[in-house]
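Read through the structure below, which is laid out as structure tokens, and then see the notes.
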Amino acid sequence: MTNARNRGRSGRIDVVGGSRASVEANLYSVLASGFPADRSGCCIETLDGLYYTWDDIDRASAKLANLLADLRLPAGARVAVQVEKSPEALLLYLATLRAGYVYLPLNTAYQQSEIDYFIGNAEPSLVVCSPASLAWIAPIAARHKVAHVMTLGEDRSGTLLAAAAGMSDRFRTVARRPDDLAAILYTSGTTGRSKGAMLSHDNLGSNARVLHQYWRWRRGDVLLHALPIFHVHGLFVASHGALLNGSKMIWLPRFDAAAVIRHLPRASVFMGVPTMYVRLLDDPAFDGNACRNMRLFVSGSAPLLPDTFRQFESRTGMRILERYGMSETVMLTSNPYDGNRMPGTVGLPLPGVDARVVDDSGRECASGGIGAIQVRGPNVFSGYWRMPEKTREEFTADGYFKTGDMGKWDANGYLSIVGRGKDLIITGGYNVYPKEIESYIDELPEVFESAVIGVPHRDFGEAVTAVVVAKPGLRIDEAGIVAALKGRIASFKVPKRVHVVDELPRNQMGKVQKNLLRERFGG
Ligand code: MCA
Ligand code: AMP
């Protein structure tokens, strides 16, 4: 689409400090440039009545950064973190940036085999986990020769804060080059194992600045923060926006519709996955009055049904702004702030993002033509951690990243996502790759083979569903398979339903026909 490409080429993005290392190019400095001059105001307010001022954020992140510096971690060290959501977890992220290390957040739902893989693959120098997980994480860390393991509880318990308590509350943020790594985010892999997307200070900083302008963050904005902080949406898009704007965050430990409705009247910005909007609409207390001070609701991570968009508008008078992004690219497109927000579309390429839709031969599709979405821009990651082959496969010769999503442009340059080239299920905003779940099911001694599909689900958008064949003469049932998977893999990956069949439908090439399974079990 010519429009989109021109838009991308003419985008104005400031790369701070060229390619030289500077304090200004460190993402922490980018975010801190938006902190208010008066540091006595509130940055984070928690439900149990704690207030963290901007001064607290600066000083507490300095203490943690001094602790990290004191550990003498090697250059480029990874700090792997699997902890419950808390302001201190966010402070640890900021401290890792300040000290010049690489932050590696991990979903709290991950179980032993998943954590074992991430630690083995990323080789962090420091692992921070919940006090309750120490007993099983410490042996995994020891096996992978991790130098330091510390704990952080959601109630400020644990060894991390105890060790940081005696540190100085002044720290000079370390100089970084714009393309130095700031974070690694693991995303599920089509072939089973996850890949670590390497994001630089400038990938994240440039995207934060663009979104800050595009969504018109303004003085006095208050963010109601209800997302987890181990993924792009909650950690980068939401927190970065508030920090860069010097805005207060009302900090919910997890999404809960009643708590959101209670605190919305004091907020102006909310970001969520579609499941959260469906759940808000299910509560009769959610109405225009609850939203009286709101100016922006953002949705992303999964498709927002046009029906949800319309119900939301008729209930509140407000139109949700849907945007599209990935762990590898942060945010790519967004519906406009002032212009028309089109349900069923993910809007226009953000300034600086060059997006195209191409057919099988690599030619750009005309408006309305469906093809693969490819993107380029300062926000696009440099590659997968220690997977140069995989990285090469996912980029075109002219430098575009292949998103694995299928899309089409409309005549006004709005992008719609019409499917996925990748075999991916998105459930409640979390990604699940069928191949990974199939490999766990196939390991069970009674199972001959399995196929995992996503079927429409009112709450989660899609529900992980397994279709399983037993070995000759052996018996399997739904409850047995679910029980065998629970505790082995993150519970959001455990199939909501398991159907036992005699055989899987295959085409002439022997490939399982998942479309037939979706038709049969999707109703
Ligand atoms: C929880 N459960 C789920 C999910 N979440 N099952 C399927 N899909 C889910 N997403 C299951 C649990 O395993 C548990 O099952 C039961 O539901 C209750 O768990 P609980 O923790 O109480 O669930 P919840 O609090 O109701 O959580 C639902 C949620 C949560 C609030 C929608 O999943 C959530 O916060 N989702 C947001 C994910 C997100 O931030 N995605 C952004 C990724 P059992 O009882 O059987 O144990 S970043 C991204 O995708 C890109 C870059 C982007 O564009 O943003
Ligand atoms: P992740 O691997 O968690 O980074 O998820 C990225 C994927 O989420 C994208 O490749 C899309 O398939 C999907 N996604 C993100 N935002 C949207 C959206 N607004 N609509 C549809 N799919 C989305």
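Just so you know, ligand 1 is whichever comes first in the structure, and atom 1 is the first atom listed for that ligand. Numbers here are sequence positions counted from 1.
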Point to revise | Protein heavy atom under 4.0 Å of atom 16 (C) of ligand 1 | key: no

Review point. Within the structure, does at least one protein heavy atom fall under 4.0 Å of atom 22 (O) of ligand 1?
Key: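 No, there is none.
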
Determine whether a donor-acceptor pair (N or O, by modelled atom type, separation under 3.5 Å) exists between the side chain of [X] and the backbone of [Y].
X	Y	value
K85	E154	no
Q82	L106	no
T403	Q374	no
E114	Q111	yes
N203	S200	yes

Under 4.0 Å from any heavy atom of [X], which atoms of ligand 1 are there?
X	result
M276	35 (O)
H233	42 (C), 48 (S), 55 (O)
F255	31 (C)
M326	52 (C)
K496	3 (C), 6 (N), 7 (C), 11 (C)
P228	35 (O), 40 (O)

Decide whether the shortest distance between a heavy atom of [X] and an atom of ligand 2 is less than 4.0 Å.
X	result
R323	yes
G404	no
D405	yes

With heavy atoms of [X] as the reference, note each atom of ligand 2 found under 4.0 Å away.
X	answer
V346	18 (C), 19 (N), 20 (N)
E322	18 (C), 19 (N), 20 (N)
S301	8 (O), 13 (C), 14 (N), 15 (C), 16 (N), 17 (C), 23 (C)
I426	8 (O), 12 (O), 13 (C)

Exercise for review: Report yes if some N/O of S327 lies less than 3.5 Å from some N/O of ligand 1; otherwise report no.
Suggested key: no

Review point. Is there any N or O on T427 that sits under 3.5 Å from an N or O of ligand 1?
Key: yes

Centroid separation under 6.0 Å, is that true for the rings of [Y] and [X]?
X	Y	result
H231	Y430	yes
F230	Y93	no
F118	Y110	yes
F492	F460	no

Enter the distance from [X]:[atom1] to [Y]:[atom2] here, rounded to the nearest 0.5 Å.
X	Y	atom1	atom2	result
E328	N379	CD	CG	11.5 Å
Y214	M331	OH	CE	13.5 Å
D256	M276	CG	CE	10.5 Å
L252	L227	CG	CG	10.0 Å

If you have a sec, work out which protein heavy atom is nearest [atom] and how many Å separate them, to one decimal?
atom	answer
atom 2 (N) of ligand 1	F460 CZ, 3.9 Å
atom 26 (O) of ligand 1	R279 NH1, 2.6 Å
atom 13 (O) of ligand 1	S491 OG, 2.5 Å
atom 50 (O) of ligand 1	S301 CB, 3.4 Å
atom 41 (N) of ligand 1	G429 O, 3.0 Å
atom 32 (C) of ligand 1	T275 CG2, 3.7 Å
atom 33 (O) of ligand 1	Y430 CE1, 3.4 Å
atom 44 (P) of ligand 1	K486 NZ, 3.7 Å

Review point. Applying a strict 4.0 Å limit to heavy atoms, is R254 in contact with ligand 1?
Key: no

Check your understanding: Does ligand 1 have any atom that is closer than 4.0 Å to a heavy atom of K493?
Key ->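 Checking ligand 1 against K493, which is what was asked, there is no heavy-atom contact under 4.0 Å.
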
Review point. L199 and S327: which non-hydrogen atoms are nearest, and at how many Å?
Key: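 Distance-wise, the nearest heavy atoms are CD1-O, 3.4 Å.
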
**Study point:** Residue that, paired with Y277, satisfies ring pair (Phe, Tyr, Trp, His ring centres under 6.0 Å) out of F309, F255, F312
**Key:** F312

Review point. Any nitrogen or oxygen of K422, main chain or side chain, under 3.5 Å from a nitrogen or oxygen of ligand 2?
Key: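 Min N/O separation from ligand 2 is below 3.5 Å for K422.
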
Check your understanding: Does an N or O from S327, backbone or side chain, lie closer than 3.5 Å to an N or O of ligand 2?
Key ->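 N/O-N/O distance under 3.5 Å: yes.
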
Review point. More than 12 heavy atoms of other residues, nucleotides or ligands under 6.0 Å from CZ of R363: is that the case?
Key: no

Check your understanding: Side chain, backbone, both or neither: which part of L227 has a heavy atom under 4.0 Å from ligand 1?
Key -> side chain

Study note, to complete from the structure: Going by the 4.0 angstrom heavy-atom rule, the piece of R323 near ligand 1 is side chain

Review point. With a cut-off of under 6.0 Å to the ring centre and 45° to the axis, is R341 in cation-pi contact with Y337?
Key: yes

Check your understanding: With a distance cut-off below 6.0 Å to the six-membered ring centre and an angular limit of 45° from the axis, does K195 pair with W385 as a cation-pi contact?
Key -> no

Point to revise | Heavy-atom nearest option to atom 18 (C) of ligand 2, drawn from G300, A302, G429 | key: A302

Point to revise | H233 contact mode with ligand 2 (heavy-atom cut-off under 4.0 Å) | key: neither

Exercise for review: Under the salt bridge (charged side-chain N to carboxylate O under 4.0 Å, His left out) rule, what do R386 and E123 come out as? Steps first, then yes or no, please.
Suggested key: CA-CA 11 Å; R386 291 184 181 160; E123 297 186 309; 2.5 Å; yes

